[in-house]
Each structure stands twice: as C-alpha cells, then as structure tokens.
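Comments concern the structure below.
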Amino acid sequence: MTLRKDANLALVAAGAAMLLVLPFVTTFNDLLTSWAMQLSVIAPFEAVAEVEARMAAGLLHLVGIHAAVAGGGYLLVDDFQGRQQQLYITWNCVGWQSLVLLGLSFLTGLRGRHPWEARFQVLAIGLLGTMLVNVLRITLVCLLAALAGRVPAIVFHDYGGTLLILAWLFGFWALAQRWLVPTTADEAGEEAE
C-alpha cells in the first residue's frame with residue numbers, strides 16, 4: 001500500500017472514529033471545559049480564543065453583521081432583529097481537536113523520501129490552513145447564531161464543525177499529494193505491484 005493511501009486511510013479511520021464518538025466527545029468536552037475553568041488552567045487557550053474571536057468579528061463585519069469582542073473570549077453578535085447575543089469562545093472551541101487530526105495526518109502523509117522543503121511547505125500550509133478553517137468555523141457559528149438563533153449554532157458547532165474540519169483535511173491532502181509531495185519513484189514501484 002502506498003503512503004498516499006496510508007494518509008487517506010488514517011484520515012478516514014480518524015474521521016469515522018470521531019463521528020462515532022462525537023456525542024460522547026461533545027458531552028465530555030463540556031465537562032472538561034467546566035473543570036478547566038474551575039482549575040484556572042486555561043489561560044494560554046483563552047489567549048488564542050480571544051485572537052480567534054477578533055478574527056471572527058472582522059469576518060462577520062465583512063458580511064454586514066455587527067460583532068464586537070468583549071474580552072476573555074466573549075463575542076457580542078447582533079442578529080437582524082437588533083438583539084445582541086453573547087457567545088463565549090472557550091479553550092475547547094479554538095480547534096485543538098483539528099490540530100490533533102492534522103498532526104496524525106502528518107505522521108502518515110509525510111512518511112517516505114520527500115525533500116525537506118516539501119515537508120516544510122506541507123507543515124506550514126497545513127497549520128495555517130487549519131487555523132484559517134477554525135476561524136471560519138467560529139465565524140459560521142456566530143453567523144448561524146445571528147441568522148437562526150443559538151440552537152442551530154450550537155448544533156453546527158458540535159457536529160458541523162467536525163465535518164468542516166474533515167472536509168478541509170481531505171482537500172488539503174488531495175492538493176498536497178498532487179503538488180507538494182508527489183509520488184516518489186519508490187512509491188510508484190509499490191503501486192505497480
């Protein structure tokens with residue numbers, strides 16, 4: 001089996017496992033969030049949450065929705081009736097799960113004899129792209145909160161965000177394997193067998 005297929009299989013397996021246990025993960029993440037807040041161990045993640053909240057507010061302004069960051073990861077979003085909703089971006093919302101999946105995909109997708117330049121490009125594009133997708137995911141949650149209310153936004157946050165990240169990872173690896181880390185001569189020989 002080629003390294004390309006290994007990377008795709010690893011993503012499929014991780015994605016399937018994530019979707020299978022998603023309801024349990026969502027419940028457990030809520031519990032972890034409350035524990036972490038009580039223990040005050042979330043300061044580094046809160047700093048990331050505030051930066052992502054500011055980026056999401058900027059993107060919301062681009063589509064005509066008033067949003068402001070109130071500090072501490074709180075985002076105030078106006079809906080079209082003029083009501084303001086307060087959304088809290090916790091350490092659990094910053095996308096650490098997507099970075100774990102990206103890291104796992106790096107382990108399988110970058111095996112083999114690829115030049116260091118190509119590896120660096122894959123790492124840089126993967127990290128930056130994943131961060132951008134996480135900001136877009138947060139923006140979509142806020143947009144849904146403004147357009148449809150809290151419940152649809154929470155459902156998308158808990159389930160749709162996972163599907164969005166998986167779609168990004170599959171797309172990223174399809175492009176990376178085509179243009180950044182093409183099949184080596186050794187891998188081509190394995191495919192022929």
Side-chain angles (χ1 to χ4, degrees), residues 3-33 36 42 44-60 62-63 73 75 77 87-110 119 121-148 150-181:
L3 294 177
R4 221 173 266 219
K5 289 180 184 173
D6 286 348
N8 290 336
L9 285 175
L11 277 176
V12 168
M18 183 183 266
L19 290 173
L20 182 65
V21 298
L22 197 56
F24 305 108
V25 169
T26 301
T27 303
F28 187 65
N29 281 345
D30 290 342
L31 182 63
L32 278 180
T33 301
I42 56 175
F45 297 109
E46 283 180 337
V48 172
E50 183 144 353
V51 170
E52 286 186 352
R54 290 186 187 285
M55 289 184 211
L59 289 174
L60 287 168
L62 288 176
V63 295
L75 192 59
V77 179
L87 306 171
Y88 182 46
I89 301 173
T90 68
W91 66 276
N92 216 18
C93 301
V94 298
W96 64 269
Q97 298 96 330
S98 60
L99 291 175
V100 169
L101 279 177
L102 179 67
L104 290 173
S105 72
F106 283 155
L107 292 176
T108 58
L110 292 178
R119 289 172 185 261
Q121 289 173 351
V122 168
L123 289 170
I125 292 169
L127 285 171
L128 293 173
T130 301
M131 290 171 54
L132 178 62
V133 169
N134 280 324
V135 171
L136 289 174
R137 178 182 50 81
I138 290 169
T139 303
L140 287 173
V141 169
C142 296
L143 187 61
L144 272 173
L147 296 175
R150 272 182 107 73
V151 173
I154 290 170
V155 170
F156 178 80
H157 173 274
D158 291 348
Y159 301 104
T162 301
L163 296 174
L164 184 66
I165 291 297
L166 289 174
W168 152 249
L169 288 174
F170 278 109
F172 163 70
W173 278 108
L175 296 173
Q177 290 171 345
R178 180 169 182 157
W179 287 294
L180 296 176
V181 286

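Excluded from the calculations below are hydrogen atoms, water molecules and symmetry mates; all remaining heavy atoms, backbone and side chain alike, are included.
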ask   = How many angstroms lie between atom CG of Leu99 and atom CE of Met131, to the nearest 0.5 angstrom?
value = 8.0 Å
key: Rounded distance [0.5 Å steps], CD in Glu50 versus CG in Leu75   = 10.5 Å
ask   = Taking Trp173 as the fixed residue, which of Val122, Leu180, Thr108 is the one that meets the side chain to side chain contact (heavy atoms under 4.5 Å, CB included) rule?
value = Val122
task = Only counting residues at least two apart or in another chain, list the ones meeting side chain to side chain donor-acceptor pair (under 3.5 Å) with Arg119.
result = none
ask   = When rounded to the nearest 0.5 angstrom, what distance separates CG in Leu132 from CD1 in Ile125?
value = 12.5 Å
inquiry  = Checking Val181 against Gln121 for the side chain to side chain contact (heavy atoms under 4.5 Å, CB included) test, could you report, in this order, the C-alpha distance in whole Å, the side-chain angles of both residues, the deciding distance, and whether it holds?
reply    = CA-CA 9 Å; Val181 286; Gln121 289 173 351; over 6 Å; no
key: Which residues share a ring-ring contact (aromatic ring centres under 6.0 Å, His included) with Phe172, sequence neighbours left out   = Trp168
query = Heavy atoms, side chains only, cut-off 4.5 Å: are Val94 and Val51 in contact?
reply = no
task = Evaluate the side-chain proximity of Leu101 to Leu166: yes if any heavy-atom separation is below 4.5 Å, no if none is.
result = yes
Return all side-chain donor-acceptor pairs below 3.5 angstrom for residues 136-146, not counting sequence neighbours, or 'none' if the list is empty.
unit_1	atom_1	unit_2	atom_2	d
Arg137	NE	Asn134	OD1	3.4
Arg137	NH2	Cys93	O	2.8
Arg137	NH2	Asn134	OD1	3.3
Thr139	OG1	Val135	O	2.8

task = Drop me the distance from Leu175's CG to Phe170's CZ, to the nearest 0.5 angstrom.
result = 13.5 Å
task = Output the distance between atom OG1 (Thr130) and atom CD1 (Ile165), rounded to the nearest 0.5 Å.
result = 6.5 Å
